[in-house]
2 protein chains.
Amino acid sequence: MSEHPNIQEAKRPERATADTVAKLAGVSRVAVSRAFNPHASLKKEKRDLILKIAKELGYTPDMAGRALVTRRSHLVGVIVPDVCSPWESQEIDALTTALQGEGFATLLFKTRTDQSMDERLLTYMKGFNLDSIIAFAENVSPDTLTHSLGRAVPIYVSYSEDGSLPNQPGSTSVFDRLIVDQKTGIDQAVALMQAYGCRNFAYLGGTTTSLANTERERAFKCIMKERGLPDPLVLQGDYTYETALASTLDLFKVGEGVDGIFSANDVGAFGVIDALRFQLGLRVPEDVKVVGFDDIAQSGWLSYNLTTVKIDLEDRVRALVRLILRRLKDPNAPAMTETLQTRLIVRGTVGS
Amino acid sequence: MSEHPNIQEAKRPERATADTVAKLAGVSRVAVSRAFNPHASLKKEKRDLILKIAKELGYTPDMAGRALVTRRSHLVGVIVPDVCSPWESQEIDALTTALQGEGFATLLFKTRTDQSMDERLLTYMKGFNLDSIIAFAENVSPDTLTHSLGRAVPIYVSYSEDGSLPNQPGSTSVFDRLIVDQKTGIDQAVALMQAYGCRNFAYLGGTTTSLANTERERAFKCIMKERGLPDPLVLQGDYTYETALASTLDLFKVGEGVDGIFSANDVGAFGVIDALRFQLGLRVPEDVKVVGFDDIAQSGWLSYNLTTVKIDLEDRVRALVRLILRRLKDPNAPAMTETLQTRLIVRGTVGS
DNA sequence: ACGGATAGTGAAAACGTGTTCATTTTAAAT
DNA sequence: ATTTAAAATGAACACGTTTTCACTATCCGT
């Protein structure tokens with residue numbers, strides 16, 4: 001086994017391995033491994049030599065081999081129904097940046113359009129031995145995930161303090177959670193709309209199976225009651241522009257006289273605004289006031305200039321990464337909860 | 001080695017491995033491997049038994065172990081400067097769907113804001129042993145990529161027939177390419193603008209280092225000349241809404257009397273439109289006509305209703321996946337080229 | 001019934017890495 | 001100078017899989 005590999009090596013410039021570097025540096029292969037692990041003890045000059053030769057050869061530790069023994073793939077799975085959706089693409093972007101800085105890469109998986117997951121896909125995902133999983137698709141049950149996903153611990157995002165879904169009594173597994181307090185921001189929104197004279201409110205929902213939507217609707221109704229306002233009209237939606245547009249047209253076909261619409265997301269609010277302005281000949285904000293949720297980049301564009309409830313994206317991603325890293329460092333640590341606030345961003349769709 | 005693993009197994013429910021399945025099914029581990037490889041020869045009833053037991057145990061072949069010996073990671077890298085950019089997020093979405101169907105997962109990497117890549121990141125990427133790489137960031141030179149990326153063969157997207165960047169004479173490596181013929185669509189756009197009376201054209205560029213932008217500008221100027229029109233004014237841009245807005249304001253500050261603006265991308269066109277309508281008090285399309293490029297979903301929204309040059313996303317992704325799979329099947333196949341057409345989508349920003 | 005081809009099978013050897021463990025070298029402390 | 005602790009080192013093993021390579025059972029046609 002001393003000269004044999006050279007024959008193959010002569011044929012093609014084979015990928016440099018730790019052994020290649022070790023022989024060239026006159027050290028053992030273990031030393032090469034240690035050179036790439038900052039915490040391992042290795043004489044400084046020897047490490048420098050190894051790293052120098054490694055760079056010349058273009059050697060990089062192979063993740064597959066490393067994953068096999070360390071049981072760390074350095075891969076974080078992101079399950080998402082639709083990458084194009086602005087809020088989600090913004091979060092994926094920020095998440096990728098943050099994780100990349102910590103030495104992890106994000107692996108993208110798409111659910112079916114109904115946000116459910118193929119059995120085949122789950123099996124497939126398991127094979128990658130993901131270090132962590134973030135489920136944007138809220139139609140994937142925690143138990144399904146843990147059952148199908150080896151050692152990776154999913155992180156769940158809840159939208160109310162009482163944690164409506166994960167950590168059920170029946171389930172043995174405990175999840176780290178990020179709780180988003182949506183009520184504060186929504187209350188500010190309703191207060192502003194009320195101050196500008198709204199009397200008849202409507203709530204345009206997102207996908208009905210979405211946890212975020214369920215809690216937004218609940219919070220909205222609760223606030224209406226607290227402020228002594230009548231129960232709002234609820235429009236069916238699915239977070240898309242097209243459906244929002246159609247639902248708004250339907251709403252005003254029966255002439256309800258609604259003068260304040262709160263949408264479960266910004267893209268939906270765009271649909272509402274365009275329906276009002278271009279199809280119904282109504283003015284925003286003079287005739288109807290509109291508020292969205294998310295504060296995506298497009299909400300600042302002048303054509304919409306949308307007043308909206310903001311979840312601070314950087315805070316959110318920072319919290320997620322913190323949870324992921326902590327769980328990775330100590331898999332047996334007790335479940336942890338991070339909390340996030342929301343606040344109203346005032347622009348031009350309620351009053352000037 | 002017969003009873004030893006059971007001790008560990010008793011402690012925690014260890015991840016099921018091929019050996020676990022093999023022992024339970026009373027076959028060799030090789031049989032298990034074959035059961036999961038459809039092309040391997042294995043008695044049907046034995047395969048069924050193995051797959052059944054595997055499902056009960058929740059066993060899935062480990063990708064790391066598999067990658068080590070097959071030299072196929074089933075990972076496709078996507079290098080992108082900004083996931084949020086609508087066109088790119090749409091393409092990532094479609095690509096992920098298509099690749100997922102073929103058994104590959106997409107791994108996301110972000111460049112720095114100047115679209116260049118950290119040396120550290122390249123080294124890092126190499127470690128994942130990617131099966132293929134698609135570079136959305138056009139500031140990463142082909143040679144840098146091939147030098148730093150083991151056996152993965154990058155796919156390049158060019159925007160002119162003469163292939164301005166890859167396959168240079170100096171470079172030894174040959175790349176598969178996807179050529180987008182932008183001229184046809186741009187010519188249709190100019191023709192329409194001209195028909196509606198445009199006399200003074202301006203071109204709002206994207207990032208100057210972007211290949212797509214360079215070729216779009218070249219094609220636009222060429223068409224202007226062919227149609228006997230004067231050289232267009234060129235505005236600096238970077239594909240963002242904010243810069244487009246600012247550039248448009250600058251343009252009309254000197255009162256050039258421009259009546260037709262062609263933007264290198266749709267998001268830029270949105271900035272142009274909003275500057276004209278909300279800051280300069282001009283009407284679109286009556287006073288100034290605007291055309292974009294890409295045909296992202298937002299271009300159909302009524303507030304913009306943008307006339308734009310479309311690259312068919314599904315065709316594009318289909319072609320990319322075709323190139324990737326072909327290269328993977330035969331790494332030594334000669335370089336291949338796919339070509340894509342563009343065409344104008346007429347909406348409301350040129351004339352009704 | 002017989003030869004030959006074919007499908008089915010498992011033992012052993014990879015693939016590239018991190019980690020134990022026992023050993024040697026170096027540094028620090030008396 | 002001598003003891004004690006700490007740091008540095010490499011051999012062997014482990015991780016989970018696929019791929020040779022022989023070998024056996026099964027099938028077909030004359």
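Sequence lines set the chain letters: A, B, ... in the order given, protein chains first and strands last, and positions in each chain run from 1.
Distance CG (A:D62) to P (C:dT17): 6 Å, rounded to an integer number of Å. Between B:L68 atom CG and D:dC15 atom C1' there is a gap of 9 Å when expressed in whole angstrom units. Rounded to whole Å, the distance from CG on A:N129 to C1' on D:dT17 is 12 Å. In this structure, B:H39 atom NE2 and D:dT18 atom P are separated by 13 Å, rounded to whole Å. Straight-line distance from the CZ atom of B:F128 to the P atom of C:dG16: 18 Å, rounded to whole Å. Distance, A:R15 CZ to C:dG16 C1': 8 Å, rounded to whole Å. Whole-Å rounding puts the B:D19 CG to D:dT17 P distance at 8 Å. If you measure from atom CZ of B:R72 to atom C1' of C:dG16, you get 18 Å, rounded to the nearest angstrom.
Contact annotation: A:T17 reaches the phosphate of C:dT17 (side-chain N/O to OP1 or OP2, under 4.0 Å). At C:dG18, none of the side-chain N or O atoms of A:R71 fall inside 4.0 Å of OP1 or OP2 (strictly under the cut-off).
Across all strands shown, A:Y59 has heavy atoms under 4.0 Å from sugar-phosphate atoms exclusively, and none from any base.
The salt bridge (Lys or Arg N to Asp or Glu O under 4.0 Å) search around A:R66 returns none, not counting sequence neighbours. B:E338 pairs by the side chain to side chain donor-acceptor pair (under 3.5 Å) definition with B:R322, not counting sequence neighbours. For A:S33, there are no side chain to side chain donor-acceptor pair (under 3.5 Å) partners, not counting sequence neighbours. By the side chain to side chain donor-acceptor pair (under 3.5 Å) test, A:E88 is found to be paired with no residue, residues two or more places apart in sequence or in another chain being considered. The side chain to side chain donor-acceptor pair (under 3.5 Å) search around B:T106 returns B:T96, not counting sequence neighbours. Under the rule for a ring-ring contact (aromatic ring centres under 6.0 Å, His included), the partners of B:Y59 that lie at least two apart in sequence or sit in another chain are B:F36.
The nearest pair of heavy atoms linking B:D131 to B:R72 is OD1-CA, 3.5 Å.
Residues B:V30 and B:G65 both approach DNA chain D. Their nearest nucleotides, taken by heavy-atom distance, put B:G65 toward the 5′ side.
Using a 30° and 60° split on the angle between ring planes, B:F109 and B:Y124 fall in the perpendicular class, above 60°.
Which of C:dG10, C:dT17, C:dA13 sits closest to the side chain of A:R29 comes down to C:dT17.
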Please write out the pairs of protein N or O atoms and N or O atoms of nucleotides 7-9 of chain C separated by less than 3.5 Å, giving the distance to one decimal.
unit_1: C:dT9; atom_1: OP1; unit_2: B:K46; atom_2: NZ; d: 2.9
unit_1: C:dT9; atom_1: OP2; unit_2: B:K43; atom_2: N; d: 3.0

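Sorted by first and then second residue, the pairs that involve residues 34-52 of chain A and meet side chain to side chain donor-acceptor pair (under 3.5 Å), not counting sequence neighbours, are A:K44-A:D48.
Taken together, the paired segments of DNA chain C that extend over three or more consecutive Watson-Crick or G-U pairs, each closer than 3.5 Å at both contacts, are C:4-29 with D:2-27.
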